[in-house]
Amino acid sequence: MSMNFDVCVIGAGPGGYVAAIRSAQLGYKTVVIEREYLGGVCLNVGCIPSKAMIAAAHFLHKTQHEAPKMGFEGTEGIKVNMSKLKNWKQSVCDKMSGGVSQLLKGNKVEVISGEASFKTVNELSVKTKNGDKTITAKYFVIATGSRPIEIPGFKPDEKDILTSTGALDLEKVPQKIVTIGGGYIGLEISSYLQKLGSEVTVLEAGGALLKGSADAECVKVVERKLKKSGVKVHTSAFAKSYKKQGNKLLVTAEIKGKLETVEADKILLTVGRRPNSDQLNIKAVGIKVNESGFVQINPQCRTNIPHIFAIGDIAGQPMLAHKASHEGVLVAEVIAGHNRVYDAKTVPAVIFTDPEIASAGWTEEQCKQNGHHELKIGKFPFAANGRAVAILETDGFIKIIADEKTHIVLGVHIVGPEASNLISEAVLGIEMGVRLEDLALSIHPHPTLGETMMEVAEAALGHAVHVINKPLTGAPRANA
Ligand code: FAD
Ligand code: NAI
């Protein structure tokens, strides 16, 4: 059976479903082909289930450890019913994925369940439950995402060796777990499992956790808290092999040059993700892929074949859902002839550890690499913010980096409560070329965590009110 469309989107993750909806809004006859689940990795086995489990574990931790400080009694006996927790998590994912289905239907996007593969650059073959279909279209958008990287000796089976998918769907809280890889996924999942009661050991091959993914000073705060809560963190640690002994897994790792054995019930493998560009016949039909495996695109997300576009994880770093969705809207508008290119000044990044880390713009090092050698830097601790004190979440700080001469903000790095929500003000500011004075002179509501953004700008200008400025410069007010 052959079907013809204006726009054919392959993959219904946050890149693909957004591209399909925008394309239909713009009047194009659109189809989206999905082999597994609407909403992709993000809504089904990524962002949403992980944030649901992290929220549940944080809630438990606050009830057990913080509520007594506020005067509540009897919270010690609280138990985790993993099967109920799992059902609740699944209900969250189903709600979100169901919402995508409704939106696609409401926008008159045709949805085909099946695995797509290019026959030629103008034709796709789709394997469905009811046989093969052939799809032709004027434009194709590849949005087929990524999958976990594997390392020798640790083949994921989702029983002993878990990927994030297995770790977000556990029947029982493991007593002991070894996490290989101290990046985004490793630390988010380790934090939640530790709060649910697991003994966690993190083996990170690099010299530091989250190296290159976050401001090093912010990472230190998270690392300190992880260690305080009992997580064993090893850097320069390479997992070599494991053997099964009864129900136990014995992991051999070279830690700072010395071979050690760590015992576990489960091993979590989180050493990065790779684009799915080896599938779909992408290379065979002549679509160019770079040396890291990402489909090569231009600033309009167009591949070397002019009517084929690629977006999201398959099209390059950062592999983040909001970047995928941004590109989804962009390609639909490019196809419709709008004057659009990818020109975001910053893609914010959030790591949902405890506390959260969020950043927008450049680190100090990146500012210098980009020619800003003289910088004005301000820092403001959450311990000096009334709202943070009232919610018992005072760990961390906000840091702002601006150009010394122009005071234009170049980067904001937050480690602390609600960093994930606070960062959006910085994103807007950086996109609009905000100066320290703009933030300092904008009245922020009290008492909120958001006041820290105003205070940190004042700190950079040398006149924060709620911390002692060093040196005591008596700098004039921003509008003086
Ligand atoms: P995907 O979401 O991977 O979707 C691709 C879709 O294509 C899939 O549904 C797949 O089934 C389908 N597909 C693939 N091949 C074919 C084919 N041949 N035919 C038909 N369909 C096909 N990002 C954030 O921004 N914030 C977070 O908090 C966050 N948390 C995460 C937590 C975890 C545990 C993981 C694993 C990832 C997380 N991410 C997060 C990353 C985020 O999930 C991805 O960046 C995002 O899903 C990429 O979107 P995408 O549309 O490119 O691809
Ligand atoms: P990652 O790239 O964040 O971290 C992988 C870590 O594993 C690195 O620190 C690396 O040094 C280490 N590593 C590599 N090989 C190793 C080995 N053999 N032994 C020990 N350590 C090793 O990758 P991760 O955590 O798998 O996440 C993949 C991507 O998913 C992220 O880069 C991010 O784009 C996305 N993601 C985003 C989230 C968010 O936005 N909050 C949450 C989860 C994932």
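Counting starts at 1 for both ligands and their atoms, following the listed order.
Every heavy atom of F238 sits 4.0 Å or more from the atoms of ligand 2. Using a 4.0 Å heavy-atom cutoff, K211 is absent from the residues neighbouring ligand 2. Residue-ligand proximity: G114 is placed with a non-hydrogen atom under 4.0 Å from ligand 1. The shortest separation from a heavy atom of G272 to ligand 2 is under 4.0 Å, placing the residue in contact.
At a heavy-atom cutoff of 4.0 Å, ligand 1 is contacted by no atom of E188, backbone or side chain. For L209, no heavy-atom contact with ligand 2 is shorter than 4.0 Å. For V45, every heavy-atom contact with ligand 1 shorter than 4.0 Å involves the backbone, none the side chain. Using a 4.0 Å cut-off between heavy atoms, L203 contacts ligand 2 through its backbone alone, with no side-chain atom that close. If you look at V41 next to ligand 1, the close heavy atoms, those under 4.0 Å, come from the backbone and the side chain alike. Counting heavy atoms closer than 4.0 Å to ligand 1, residue L280 contributes side-chain atoms (C-beta onward) but none from N, CA, C or O. Residue F352 touches ligand 1 through its side chain alone, judged by heavy-atom distances below 4.0 Å. With a heavy-atom cut-off of 4.0 Å, K323 does not touch ligand 1 at all.
Residue R35 has at least one N or O atom closer than 3.5 Å to an N or O atom of ligand 1. At a 3.5 angstrom cut-off on N or O pairs, A116 counts as close to ligand 1.
The existence of a salt bridge linking D160 and K248 is excluded, since no basic side-chain nitrogen approaches an acidic carboxylate oxygen closer than 4.0 Å. A salt bridge links R340 to E333: at least one charged side-chain nitrogen sits closer than 4.0 Å to a carboxylate oxygen. Salt bridge present: K62 and E393 bring a charged side-chain N and a carboxylate O closer than 4.0 Å.
Among V350, D313, V347, the residue whose heavy atom lies closest to atom 48 (C) of ligand 1 is D313. With distances taken over non-hydrogen atoms, the option nearest atom 34 (C) of ligand 1 out of A321, A167, S164 is S164. Looking at G11, A143, S97 and measuring to atom 5 (C) of ligand 1, the nearest heavy atom belongs to A143. When R147, E36, E34 are ranked by how near their heavy atoms come to atom 8 (C) of ligand 1, first place goes to E34. When G40, P14, G16 are checked for heavy-atom proximity to atom 50 (P) of ligand 1, P14 turns out nearest.
Summarising the geometry, atom CD1 belonging to I189 is positioned 5.5 Å from atom CG belonging to L268; distances are rounded to the nearest 0.5 Å.
Atoms of ligand 1 found under 4.0 Å from any heavy atom of C42, numbered from 1 in the order shown, are 2 (O), 43 (O), 47 (O).
Judged by distance alone, the side chain of N290 and the main-chain N or O of Q296 form no donor-acceptor pair under 3.5 Å. Using modelled atom types, no side-chain atom of S23 and backbone atom of Y28 make a donor-acceptor pair closer than 3.5 Å.
With a 4.5 Å cut-off on side-chain heavy atoms, H234 and V202 do not count as touching. Within the 4.5 Å cutoff, the side chain of V415 has heavy atoms near those of the F397 side chain.
Atom 25 (O) of ligand 2 has its closest protein heavy atom at I185 N, 2.8 Å.
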